[in-house]
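Residues: numbered from 1 along the sequence shown.
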Amino acid sequence: MRNIYFWAAIAWTVFVTVLCLVSMESLGAVNSFNFPNKDKFGHLTFYFVFTILWYVYFRCRKIKIKRAQILALLFAFAYGTIVEILQGLFTEARQADVMDVVFNTLGSILAIGFLLFIRKNK
């Protein structure tokens, strides 16, 4: 069962990486939705799910709750920062943005808050 959570987290990580490194024009219909700050909402959502999937995987590895939360949060922050650096170094259509890192981190913090809320109301 542990492998299912691991592969779900890996699949989501690859999905986020591809979406963050390809040009927005190549996304086709997804790019046609137009509302203010849609990319920031995307970053927040991507890293909300990212953090929950890695948290679940860490918990399945018998890592204590608090430590799993901290690991998932730190991993999401580090990964999001690395992806932003890669955007700045290796893509022409995308650019590194500190606000993307802020929204990645905010999505991760909201995920940890959501997990705490779920645990408290169990």
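- Partners of Tyr55 under the ring-ring contact (aromatic ring centres under 6.0 Å, His included) rule, at least two apart in sequence or in another chain, do not exist in this structure.
- Annotation: the span from Cys20 atom SG to Phe15 atom CZ amounts to 9.5 Å, rounded to 0.5 Å.
- Applying the side chain to side chain donor-acceptor pair (under 3.5 Å) definition to pairs two or more places apart or across chains, those involving residues 64-79 are Thr17-Tyr79.
- For the atom pair CG of Leu73 and OG1 of Thr51, the computed distance is 6.5 Å after rounding to the nearest 0.5 Å.
- Rounded to the nearest 0.5 angstrom, Ile65 CD1 and Leu116 CG are separated by 9.5 Å.
- Put simply, CZ on Phe117 and CG on Leu110 are 13.5 Å apart, with the number rounded to the nearest 0.5 Å.
- For the side chain to side chain donor-acceptor pair (under 3.5 Å) test, no residue two or more places apart in sequence or in another chain qualifies with Thr105.
- Checked against side-chain contact (heavy atoms from CB on, under 4.5 Å), Thr91 has the following partners two or more places apart in sequence or in another chain: Leu21, Gln87, Arg94.
- Residues Trp54 and Ile10 have side chains in contact (heavy-atom distance under 4.5 Å, counting atoms from C-beta outward).
- Counting Ile, Leu, Val, Met, Phe, Trp and Tyr side chains that sit under 4.5 Å apart, directly or through other members, Ile70 shares a hydrophobic cluster with Leu74.
- In this structure, the separation between CZ on Arg59 and CD1 on Ile52 is 14.5 Å, given to the nearest 0.5 Å.
- Looking at residues two or more places apart in sequence or on another chain, you find no ring-ring contact (aromatic ring centres under 6.0 Å, His included) involving Phe77.
- Qualifying side-chain contact (heavy atoms from CB on, under 4.5 Å) partners for Leu53, counting only residues two or more places apart in sequence or in other chains: Ala8, Ala9, Trp12, Val49.
- Here salt bridge (charged side-chain N to carboxylate O under 4.0 Å, His left out) pairs that include residues 5-20, with residues two or more places apart or in two chains, number zero.
- Residues Val16 and Tyr47 are in side-chain contact: their nearest non-hydrogen atoms beyond the backbone lie under 4.5 Å apart.
- Listed by first and then second residue, the salt bridge (charged side-chain N to carboxylate O under 4.0 Å, His left out) pairs involving residues 98-108 are Lys40-Asp100 (not counting sequence neighbours).
- Not counting sequence neighbours, the partners of Phe114 by the ring-ring contact (aromatic ring centres under 6.0 Å, His included) test are Phe48.
- In this structure, Leu71 CG and Arg61 CZ are separated by 11.5 Å, a value rounded to the nearest 0.5 Å.
- Residue pairs meeting the salt bridge (charged side-chain N to carboxylate O under 4.0 Å, His left out) criterion with at least one member in residues 68-87: none, sequence neighbours excluded.
- A single hydrophobic cluster is not seen to contain both Ile82 and Val101; linkage of ILVMFWY side chains at heavy-atom distances under 4.5 Å, directly or through other members, places them apart.
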